[in-house]
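This report refers to the structure that appears directly beneath it.
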Amino acid sequence: MKILMVNKFLYPNGGSETYLFKTGAWLARMGHEVQYFGMEHPERTVGNRIQSYTASMDFHTGRLRKILYPFKIIYSLEARKKMRKVLEDFCPDVVHLNNFNFQLTPSIIYEIRNFSKVKGKKIGILYTAHDYQWICPNHMLQIPERGELCTRCAGGKYGNCTKYKCIHNSKLKSLLGTMEAELYKRLGTYRLVDVIVCPSRFMERMLAGNPALKGRTVMMHNFIDRGEKAAEKKEKKEAGKYVLYFGRYTEEKGVRTLAEVCRMLPEIPFVCAGSGPLEEELKAIPNIHVKGFLRGRELQEVIENARFVVFPSQWYENCPFSVMEAQMYGTPVLGSDLGGTPELIQAGVTGELFESGNVQELKNKISRLWQQEELCREYAGNCRSLPFDSLEEYCGKLLKIYAKLC
């Protein structure tokens, strides 16, 4: 089978890129032809045979020429033209879309359908939803400036994005986000996509609430790469001697709430691994050891040696890999009750949940878990037998969907 993987970034940049590279590599190992389409970048690690990519664009920095900027992020003639070249050369059976709005734009969907019609070849289109872009112009179901959860746009009322300045607190950028969402709603563009893979039941419910997307969603939790899993958690001198947070140091991740709780529990040692704008605030708290950004074996050891992990996110997380990663390494998680997170934690079995943003409840649960080391060990043992899909199992499901689309 010939599979074209599409993502705006073709270099390591976040969770969607990890998903892209690992699924693509596994499919290639199984003998399928896999090529990639997205933006050119000096750190690009995957690509296509004819080296056809769009120019790099950054919605955050505004480096585009101001006159062309609004048009390029809504409909890209360049992306459509470059996509056509790849389609003509590769002629895929399936196009697997990932993150493409703003930089590549939905114009590429029209090119795929046009190419399919002209060539008389059926091409399936599958989209993996890594965020809430198709029902929320700012991707997060949140008004960032207020730190307020929001589903006002979910049913198609996209003017709310402009009203509340949901994109970078900018009226202009929010207006552009509204225009993009309204345009493709009126054109019915997303109806041209055959299947939408949702990594959580929460996301599936949210997307299926939009009439344009209903009936084409499939829920598949993210995979765990078993090759990275430790055989057994060994007893180490420092094991269980701290509570761990790892990830971005930002408001929506609940880090400010966690910092407040850490100040209230000076007798408990905390470790934070990651980076972000709240780093200095964390460093100022005596019982927090800020390790900075870790990866690979270093990160694995920090996770394995924690008594438990705190995941205090205050937005609708989709299927947070950090929760799955902690459990994979045999470390229980105390997580907030929003989005797809509760689907990954069996409260009272593999970890516990608390009301997102509730400082007192988070404090009480951290304190109780810290005092009950035996309970944490019990949760840790249960984590190792969680039935998450391996990469092989996950890709096997993908292949079955692909086959139905061809």
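Nothing fancy with the numbering, it's 1 onward along the sequence.
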For Gln372, I'd like to know if atom CD has over 12 heavy atoms of other residues, nucleotides or ligands within 6.0 Å. yes

(message) Would you say the ring centers of Phe308 and Tyr379 fall short of 6.0 Å from each other?
(response) no

Notebook entry, point to check: Side chains of Asn99 and Asp131: closer than 4.5 Å at any heavy-atom pair?
Noted result: yes

Checklist entry - Should Phe388 and Met328 count as side-chain neighbours, where that means a heavy-atom distance under 4.5 Å? => result no

**Item:** SB check Asp89 Lys2 (cutoff 4.0 Å)
**Value:** no

Can we say Glu78 and Lys81 salt-bridge, meaning some charged N sits less than 4.0 Å from an Asp/Glu carboxylate O? no

**Message:** Other residues, nucleotides and ligands only: do more than 12 of their heavy atoms fall within 6.0 Å of CZ on Arg49?
**Reply:** yes

Do Leu362 and Glu260 touch side chain to side chain, with heavy atoms closer than 4.5 Å? no

### Task
Could you tell me whether Lys121 atom NZ has more than 12 heavy atoms of other residues or ligands within 6.0 Å of it?
yes

From the list Thr341, Asn222, Asn318, side-chain hydrogen bond (donor to acceptor under 3.5 Å, both in side chains) partner of Ser200 resolves to Asn318

Worksheet item: What is the ring orientation for Phe100 with Trp134, classed by angle as parallel under 30°, tilted 30 to 60°, or perpendicular over 60°?
Response: perpendicular

| message | When you compare the side chain of Tyr36 with that of Leu20, does any pair of heavy atoms fall below 4.5 Å? | response | yes

Those residues at least two apart in sequence (or on a different chain) that pass salt bridge (Lys or Arg N to Asp or Glu O under 4.0 Å) with Lys85 are none

Under a 3.5 Å threshold, yes or no: a donor from one side chain and an acceptor from the other, between Gln360 and Asn364?
yes

Geometric class of the Tyr11/His41 ring pair [parallel <30°, tilted 30-60°, perpendicular >60°]: parallel

**Glu204/Arg201 salt bridge by N-O under 4.0 Å criterion** = no

(Q) I want to check something: taking the side chain as every heavy atom from C-beta on, are Cys153 and Ile135 in contact at a cut-off of under 4.5 Å? (A) no

Does the separation of the ring centres of His289 and Tyr242 fall below 6.0 angstrom?
-> no

Open item on the list: Please determine whether the number of non-hydrogen atoms from other residues, nucleotides or ligands lying under 6.0 Å from atom CD of Glu40 exceeds 12.
Closed with: yes

May I ask you to check whether Tyr184 and Tyr158 place their ring centres under 6.0 Å from each other?
no

Per salt bridge (charged side-chain N to carboxylate O under 4.0 Å, His left out), Arg368 is matched among Glu352, Glu361, Glu373 by Glu352

Side chain to side chain contact (heavy atoms under 4.5 Å, CB included) filter on Ala129, not counting sequence neighbours, yields Tyr127, Ile196, Met203, Leu207

Would Arg146 pass as a cation-pi partner of Tyr164, given that its NZ or CZ must be under 6.0 Å from the six-membered ring centre and within 45 degrees of the axis? no

Checking Glu251, Lys363, Gln314 against Thr257 for side-chain contact (heavy atoms from CB on, under 4.5 Å), the one that qualifies is Gln314

